[in-house]
Amino acid sequence: MRIECIAIGTELLTTGRLDTNSLWIADRLSRMGLSLHRKSVVGDDLEDMQTLFREASLRSDLVICTGGLGPTFDDLTKETWAEVLEDPLVEDPRVREDILDFYRARQHIPPESNFKQAMVPSQAQALRNGAGTAPGIYWPGTRSRPQCRVLLLPGVPLEMKQLWEQQFEPLLAPLAQQQVLTLRVVVGSTAESALDERTRPLRARHAQLSWTILASITHVELVARSSDPAALELARQDLQTLLGPDLVCAGNGSIEETVLDLLRSRGESLAVAESVTGGLIAARLTAIPGASQVFLGSAVAYSAPGKLSLLELPEELIQTHGTVSEATTRAMAEAVRRRLGSTWGLATTGNAGPTEDPLGPGALGTVFMAVAGPQNTKSIHYTFPGARSDIQSRTAAWGMDLLRRSLL
Ligand code: ATP
Ligand code: MG
């Protein structure tokens, strides 16, 4: 089924408003195993709408529109579609009654313009709007375009969502034949291209699945889709074997959730000393409910004096090695572990830019991470590209991933 989504509203073409409705719709469709082939945004302009609606009605099996169903002069979606589909509007007494009820409940008299919303195309059905006065409109096919279904939803996100869930999903369900299942695996401390190359033979062996690879600053995701759960499970097992400790988790998890789960299952705790990440690791850990069971706290020891006083690092250490150094980072991890009495200590230092640090040895993008544990202290260093916030986010994620690897 070829499905397209059209967001209507001049404000959506400016920076003032984002078209979030189509993102929500894409998500709801994907839960039913359906996907969008195309989406567009069009302003409240009669000719632009006519052209786009005509094209959409010829190329798609389902067109989903949001916005422009209101009572004002610039709300033209329904009228324009009725014209394109050659279907006249007639008053629907049930919708008129709904509008009167809506205003009666609020002890108001409806403005005459509101009854424009009681006009329903003759071959369409009106879908009751529980949160507003504009009903949704659904053509399950028309005499002029029998192959094309058209759904019109209000623009107000709350009304749009209610209408979709309560009225439209039951109509769509029989058309979504097969549930498509998704396998998502998160891979840490790796580059997209490296993961692409490494998994190429595996993806070729599981070529009946549809694969995508998604890189973000903090991790890479590999996603496989199929309607066959057994095929997905085999791919998951093969990925686990291939990726070993590089695989963070399968499913909806993240690096920080995995770290917290591992600590919890081992009955262990964590303290963090953050320089270059400035509290980002603590923020990401504490975004997860229940983190306090295992995460004791974080010292944002950002400056050299901060490192001396918060972590009681010896002054000679910083004088000899500098703040951005392996020795200092290791000492920070050990110190925070000792001071908070945790099983593990994690520390970061680095130069996130935007300029080279004339005092430190750290070239732009140089970062150090260290994990101090009951047996020993491990450390690594990288040079990350990108803007300041990218370097900070990546250091937070890769630092947590270093800890995760130590916990395996
Ligand atoms: P109303 O009856 O309120 O006029 P409507 O169906 O005519 O509803 P619009 O006037 O187009 O809808 O939009 C109403 C509100 O919903 C506006 O605040 C608008 O910015 C917001 N909105 C419209 N379309 C979208 C969209 N695609 N994504 C997010 N918000 C949207
Ligand atoms: Mg409007």
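Numbering of residues begins at 1 and proceeds along the displayed sequence. We count ligands from 1, going down the list as the structure has it; atoms in each ligand are counted the same way.
- Classification of D75 and K116 as a salt-bridged pair fails, no side-chain N sitting under 4.0 Å from a carboxylate O.
- By the 4.0 Å heavy-atom criterion, A134 is excluded from the residues contacting ligand 1.
- A salt bridge does not link R94 to D98: none of the charged side-chain nitrogens sits closer than 4.0 Å to a carboxylate oxygen.
- In the vicinity of T66, heavy-atom distances shorter than 4.0 Å reach the ligand 1 atoms 27 (N).
- Cation-pi geometry between R104 and F102 is not satisfied (NZ or CZ under 6.0 Å from the ring centre, within 45° of the ring normal).
- Residue G67 has at least one heavy-atom neighbour below 4.0 Å for each of these atoms of ligand 1: 6 (O), 11 (O), 12 (O).
- Per-residue contacts place L18 under 4.0 angstrom from the following atoms of ligand 1 (heavy atoms of the residue considered): 28 (N), 29 (C).
- In the vicinity of D75, heavy-atom distances shorter than 4.0 Å reach the ligand 1 atoms 4 (O), 7 (O), 10 (O).
- Checked by distance only, ligand 1 and P157 stay at 3.5 Å or farther apart across all their nitrogen or oxygen atoms.
- Among the atoms of G68, some N or O lies under 3.5 angstrom from an N or O of ligand 1.
- Considering backbone and side-chain atoms alike, Q117 places every N or O at 3.5 Å or more from each N or O of ligand 1.
- Between W398 and Y382, the ring planes lie perpendicular to each other; the angle is over 60°, past the 30° to 60° tilted range.
- Among residues two or more places apart in sequence or in another chain, the salt bridge (Lys or Arg N to Asp or Glu O under 4.0 Å) test is passed with E233 by R236.
- With ligand atoms numbered from 1 in the order given, ligand 1 contributes 27 (N) to contacts under 4.0 Å with heavy atoms of A7.
- Among residues two or more places apart in sequence or in another chain, the side chain to side chain contact (heavy atoms under 4.5 Å, CB included) test is passed with A118 by E91, V95, R96, I99.
- The pair E312-R338 fails the salt-bridge criterion, with no side-chain N (NZ, NE, NH1 or NH2) lying under 4.0 Å from an Asp/Glu carboxylate O.
- A salt bridge is absent between R149 and D61: the closest approach of a Lys/Arg side-chain nitrogen to an acidic carboxylate oxygen does not fall below 4.0 angstrom.
- At a threshold of 4.0 Å, the pair R143-E86 does not count as salt-bridged, since none of the basic side-chain nitrogens sits closer than that to a carboxylate oxygen.
- Every atom of ligand 1 is numbered from 1 in the order shown, and the set under 4.0 Å from a heavy atom of R17 is 18 (O), 20 (O).
- Ligand 1 has no atom lying under 4.0 Å from any heavy atom of G132.
- Residue P154 has no N or O atom closer than 3.5 Å to an N or O atom of ligand 1.
- Of all the heavy atoms in P374 and R337, the pair that sits closest is CA-NH2, 3.4 Å.
- Of the polar atoms of S22, none of the N or O atoms is found under 3.5 Å from an N or O of ligand 1, judged by distance alone.
- Applying the 4.0 Å criterion to heavy atoms of E11 picks out, from ligand 1, the atoms 19 (C), 20 (O), 23 (C).
- Atom 5 (P) of ligand 1 has its nearest heavy-atom neighbour, among L69, T77, L152, in L69.
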